[in-house]
J.: 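The structure under discussion is supplied below as structure tokens; questions concerning it will follow.
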Number of protein chains: 2
Amino acid sequence: MFSKACEYGIKAAIFIAVNSSEHRRVSPKEISEEIDSPQAFTAKILQALVRNDIVQSVRGAHGGFEIEKDKIATTKLSQIVFAIDGDNIYKGCGLGLHTCDENHPCPVHDKFKVVREELREMLENTTLEQLALDIKSGVSFLKI
Amino acid sequence: MFSKACEYGIKAAIFIAVNSSEHRRVSPKEISEEIDSPQAFTAKILQALVRNDIVQSVRGAHGGFEIEKDKIATTKLSQIVFAIDGDNIYKGCGLGLHTCDENHPCPVHDKFKVVREELREMLENTTLEQLALDIKSGVSFLKI
DNA sequence: TTTATTTCGGATAAATTTATCCTATTTATA
DNA sequence: TATAAATAGGATAAATTTATCCGAAATAAA
Ligand code: FES
Ligand code: FES
């Protein structure tokens, strides 16, 4: 469904959000350990999130990654997915036609668009804050 | 969402179904032209569909691919997807945890499973026959 | 039985995704 | 100002997916 890069990106963002809400910056090392992902690869993905203004980075000693408090509440899952995987997952044709077009639909168009639309809404209606809250309370988990 | 192989497999199966319903066998060449896919790669995918008893092949002169009449009506999209991509798409964890487990959920589990379940139902409730019918009547298209 | 036609299947190559490594750059602090 | 700690980013490698090529095997028909 999502690429590995996107999975790591989502989990990393959640972990950073959890820590930022407690005013703690975290390193790629700590992040990759907590979300069970390859460290250097995760660092690359973090750079993409920084460039897309989803997380903030502070270089140098005592640096690390953080998310501004108000961004934790406003950042949607859709923004993270878009930053890493683009919007093909909730815009593209399920059977790979060049464009998903009502006037030139593929065989699964009508049925597929319902699922895709539900995915899009889910991604757009889910904030980092909601997800971070469940991690904090021990209801959900980032690894294993 | 689906792999290229799976996209080609679905489109190929639909094209074969359309032709089998008119008692015409088709070759990988014809199939790949009609669904706009690489021929040799498509041939490999067809072999997988044959091994999974979703399409039938007839070797030698006047051979080609076909689908038994009653199979056109009974074959579900889910069977094709399973034969090529496996069941991870509607069973696996959206964030890549080893298993999707109610008792050890990832942060998106509750929201994701709704989407995934809808996808699963869609795939299980869609038959080759329905899809082939729309192609025949010119309502849907296999390429461009 | 030979020939033409067609799928099967192994080997290989290209492209993309995933992952690692190493150095440069930035920053706090001693 | 020197040093240590930390992210940034380029180069490269490994793994997977996508794609191509070619000969073997099967089959119908001449
Ligand atoms: S055209 Fe294929 S999903 Fe819309
Ligand atoms: S645990 Fe991630 S989707 Fe169920």
Side-chain angles (χ1 to χ4, degrees), chain A residues 1-13 15-16 19-20 24-33 35-67 81 83-86 88-89 92 95-96, chain B residues 1-13 15-16 19-20 24-33 35-67 81 83-86 88-89 92 95-96:
Chain A
M1 183 80 83
F2 304 118
S3 67
K4 279 287 162 200
C6 195
E7 289 176 4
Y8 298 155
I10 292 171
K11 289 189 279 192
F15 180 69
I16 297 168
N19 283 276
S20 287
R24 246 196 328 269
R25 282 180 193 150
V26 287
S27 66
K29 181 167 186 296
E30 192 179 355
I31 294 169
S32 60
E33 276 166 2
I35 72 174
D36 197 23
S37 68
Q39 183 179 331
F41 188 46
T42 306
K44 290 272 188 256
I45 297 159
L46 288 168
Q47 285 178 42
L49 293 181
V50 170
R51 280 194 299 274
N52 282 273
D53 202 32
I54 289 164
V55 315
Q56 282 67 54
S57 70
V58 178
R59 287 172 153 212
H62 299 106
F65 294 88
E66 64 188 12
I67 304 184
V81 172
I84 302 173
D85 278 355
N88 205 56
I89 196 169
L95 294 187
Chain B
M1 184 79 82
F2 304 117
S3 69
K4 279 287 162 199
C6 196
E7 289 177 3
Y8 299 154
I10 293 171
K11 289 189 279 193
F15 180 69
I16 297 168
N19 283 276
S20 287
R24 244 195 329 268
R25 281 180 193 151
V26 287
S27 66
K29 182 167 186 294
E30 192 179 355
I31 294 169
S32 59
E33 277 165 2
I35 72 174
D36 196 23
S37 68
Q39 183 180 331
F41 188 45
T42 306
K44 289 273 188 258
I45 297 159
L46 288 168
Q47 285 177 43
L49 293 181
V50 169
R51 280 194 298 274
N52 282 273
D53 202 32
I54 289 164
V55 314
Q56 282 67 53
S57 69
V58 179
R59 285 171 155 212
H62 298 106
F65 294 88
E66 64 188 10
I67 306 183
V81 171
I84 302 173
D85 279 354
N88 205 56
I89 197 168
L95 293 186

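Letters A, B, ... mirror the listed sequences (proteins, then strands); counts begin at 1.
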J.: Decide, yes or no, whether a salt bridge links B:Glu33 with B:Lys29 under the criterion of side-chain N to carboxylate O below 4.0 Å.
T.: yes

J.: What integer distance in Å separates B:Ile89:CD1 from D:dT17:P?
T.: 13 Å

J.: Looking just at side-chain N and O atoms, do B:Thr42 and B:Ser37 make a donor-acceptor pair shorter than 3.5 Å?
T.: yes

J.: Between C1' on D:dA8 and CD1 on A:Ile45, what's the gap in Å once rounded to a whole number?
T.: 15 Å

J.: Name all residues meeting the salt bridge (charged side-chain N to carboxylate O under 4.0 Å, His left out) criterion together with B:Arg24; count only those two or more places apart in sequence or in a different chain, and write none if there are none.
T.: B:Glu22

J.: Which residues satisfy the side chain to side chain contact (heavy atoms under 4.5 Å, CB included) test with A:Asn88, sequence neighbours excluded?
T.: none

J.: Measure the distance from CZ on B:Phe2 to C1' on D:dT18 and round it to the nearest whole Å.
T.: 18 Å

J.: Taking CG from B:Asn88 and P from D:dT17, how many angstroms apart are they, rounded to a whole number?
T.: 11 Å

J.: What's the spacing between B:Ile10 CD1 and B:Ile84 CD1 if we round to 0.5 Å?
T.: 7.0 Å

J.: Along nucleotides 5-15 of chain C, 5' to 3', which nucleotides get a B, which get an S, and which get a -, given that the test is a protein heavy-atom distance under 4.0 Å?
T.: BBBBBBB----

J.: Does OP1 or OP2 of C:dT18 have a side-chain N or O of A:Tyr8 closer than 4.0 Å?
T.: no

J.: Any chance you could measure B:Ile16, atom CD1, to B:Phe65, atom CZ, to the nearest 0.5 Å?
T.: 6.5 Å

J.: Grab the CD1-C1' distance between A:Ile16 and D:dT7 for me, whole Å please.
T.: 12 Å

J.: Rounded off to whole Å, could you give me the CZ-to-C1' distance for the A:Phe41 and D:dG10 pair?
T.: 16 Å

